[in-house]
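Working notes, structure below.
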Protein chains: 2
Amino acid sequence: MTGTLYGLGIGPGDPDLITLKALKILQSTKVLAYPTLEEGDSLARSIVAPHLTGERTEIPIRIPMTVDRKPAQDAYDVAAEELKKHLEQGQDVSVLCEGDPFFYGSFMYLFGRIAEEYPVEVIPGVSSLTACATALQAPLSARNDILTVLPAPLETSILRSRIEAADSVAIMKVGRHFDRVRTLIEEMQLMDKAQYIERATLENQKILALADVPANAAPYFSMILIHKRGQAWK
Amino acid sequence: MTGTLYGLGIGPGDPDLITLKALKILQSTKVLAYPTLEEGDSLARSIVAPHLTGERTEIPIRIPMTVDRKPAQDAYDVAAEELKKHLEQGQDVSVLCEGDPFFYGSFMYLFGRIAEEYPVEVIPGVSSLTACATALQAPLSARNDILTVLPAPLETSILRSRIEAADSVAIMKVGRHFDRVRTLIEEMQLMDKAQYIERATLENQKILALADVPANAAPYFSMILIHKRGQAWK
């Protein structure tokens, strides 16, 4: 009997935004893997820390954050082989995934390397998308709204045409692209329809008017929501 | 002291996909409201039924499902007034919301009627969007994918242009629009990139090839996911 790989969506940051289902699996598996930067602590592990009980084997997966994708892909190759050893021995393995594993999550790289050989179960989680909307007290999408999710690294011309074609827009992974994206939103005269939030539901969550965000200061976990229809729910 | 209105995201259907945060609030509030059809039981209430303990006041909000929006808006007016009476008396009120309250959720109609007068706290939930992706074992969006969410009632020409402009597409509220949407996907030669799912994570969840879905048989809670890049995570 081989083990099962669990991709656990642990939600956007508040430890209580984990689901009962993910919590039960987290507390019953003896091998726990999680992504982490090459240096420093793992955000994913810190989110579930209040829920960890008993002993377990921990496997930090250190992923280089480089523009060249090769080093990261190599790191996933190595991590997948390590996880497979545990699965082969019949041990279940939980992998922590911030937000939802299949919503712009790095879990898919492990999924792609393991799912054809071993059983994989993915537990959906609360994504940053809806966490940001609730933190901003602004419904994300209503009725027949078209909602488009755009990663900020896309070219400005693509961002522009997709924002034009949507009613509701979430721009993710803003980080170092913030200044360029804000300039675009100004040019499109949408500043009064846009909201900025970083680290939603974490203790250091911050909500700012777009005009008040300092240049070059947005972290990777920041998002801009645009509601072109305004407050359509009223 | 007035009470607080809680909009609780209870997730897509599996009772264990509720968050710890929503569960704690659910179990501590003494007034519980939930949407229901004019006849029959409330799906939202049935999802949380395993978690209900003790006594509480229950307020079913019966919403007419008509094309004309006026009867539903009138029903929300009446419901909001009833909820305000409890808030005015200092009682906290939980409103159950399938999926996430701010992701195409009807909670926004209560929010719009109450949030300016009384404290409202919204708890995000696992949305059907990611629940469907995990049930289908197919990552929703990766890296710099553009993800577009389209309500099926939109005109065919709009659906076509938005599908053309996205990498990953979720078509929601398919229901009685299924045949028209399937014909469009056939015309766009995307049948082999599309997946169909209904009632994700509920006991009667069903996954079918698009070609195998009987005509005029899709329920309201059905979704089509299209991954134009194919399995980009491999």
Side-chain angles (χ1 to χ4, degrees), chain A residues 7 9 11-12 14-21 23-24 99-105 107-109 111-113 115 120-127 129-131 133-135 137-151 153-154 158 161-162 165-166 173 201 231-234, chain B residues 7 9 11-12 14-21 23-24 99-105 107-109 111-113 115 120-127 129-131 133-135 137-151 153-154 158 161-162 165-166 173 201 231-234:
Chain A
D14 177 339
D16 273 1
L17 287 177
I18 193 170
T19 64
L20 281 185
K21 189 163 186 171
L23 182 66
K24 287 176 186 175
D100 181 280
F102 278 173
F103 183 78
Y104 297 96
F107 178 73
M108 72 186 72
Y109 302 117
F111 179 80
R113 286 163 170 80
V120 177
E121 191 176 337
V122 180
I123 312 302
V126 174
S127 72
L129 185 64
T130 61
T134 54
Q137 293 261 48
L140 192 62
S141 45
R143 297 201 279 273
N144 288 338
D145 277 350
I146 297 172
L147 166 67
T148 294
V149 183
L150 296 168
L154 290 169
I158 294 176
S161 65
R162 298 309 186 270
K173 310 181 192 182
T201 84
Q231 298 180 317
W233 57 89
K234 287 206 176 163
Chain B
D14 177 340
D16 273 1
L17 287 177
I18 195 170
T19 64
L20 281 187
K21 188 161 186 171
L23 182 66
K24 287 177 187 175
D100 182 280
F102 278 173
F103 183 77
Y104 296 99
F107 177 72
M108 73 187 71
Y109 302 118
F111 179 79
R113 285 164 171 79
V120 177
E121 191 177 337
V122 180
I123 312 302
V126 174
S127 72
L129 186 66
T130 60
T134 54
Q137 293 259 51
L140 192 63
S141 45
R143 295 200 280 276
N144 288 339
D145 277 350
I146 296 171
L147 166 67
T148 295
V149 183
L150 296 168
L154 289 169
I158 294 176
S161 66
R162 300 308 186 269
K173 311 182 194 180
T201 83
Q231 298 180 317
W233 56 90
K234 286 207 175 161

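The chains referred to below are lettered A, B, ... by the order of the sequence lines, with proteins before strands, and numbering in each begins at 1.
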In a check of side chain to side chain contact (heavy atoms under 4.5 Å, CB included) between B:K21 and each of A:V126, A:L17, A:T201, A:I18, which one passes?
-> A:L17
Which pair of heavy atoms, one from A:R143 and one from B:K173, lies closest together, and at what distance?
-> O-NZ, 2.7 Å
Student check: side-chain heavy atoms of B:T134 and A:I123 closer than 4.5 Å | no
Scored by heavy-atom pairs under 4.5 Å with chain B, the best of A:P124, A:A115, A:P15 is A:P124
Under 4.5 Å heavy-atom distance to chain A, tell me which part of B:L150 shows up: side chain, backbone, both or neither.
-> side chain
What pair of heavy atoms forms the shortest contact from B:M108 to A:S141, and how long is it?
-> CE-O, 3.2 Å
Between atom CD1 of B:I146 and atom CG of A:L154, what is the distance when rounded to the nearest 0.5 Å?
-> 5.0 Å
Might you point out which heavy atoms bring B:Q137 and A:V122 nearest each other, and give the distance in Å?
-> OE1-CG2, 4.3 Å
Under 3.5 Å: donor-acceptor pair, side chain of A:Y104, backbone of B:N144 = no
Stepwise, does the side chain to side chain contact (heavy atoms under 4.5 Å, CB included) test hold for B:T148 with A:L147?
-> CA-CA 6 Å; B:T148 295; A:L147 166 67; over 6 Å; no
All ring pair (Phe, Tyr, Trp, His ring centres under 6.0 Å) counterparts of A:F102, not counting sequence neighbours | A:F111
Taken in chain and number order and not counting sequence neighbours, the residues that satisfy side-chain hydrogen bond (donor to acceptor under 3.5 Å, both in side chains) with B:T130 are A:D100
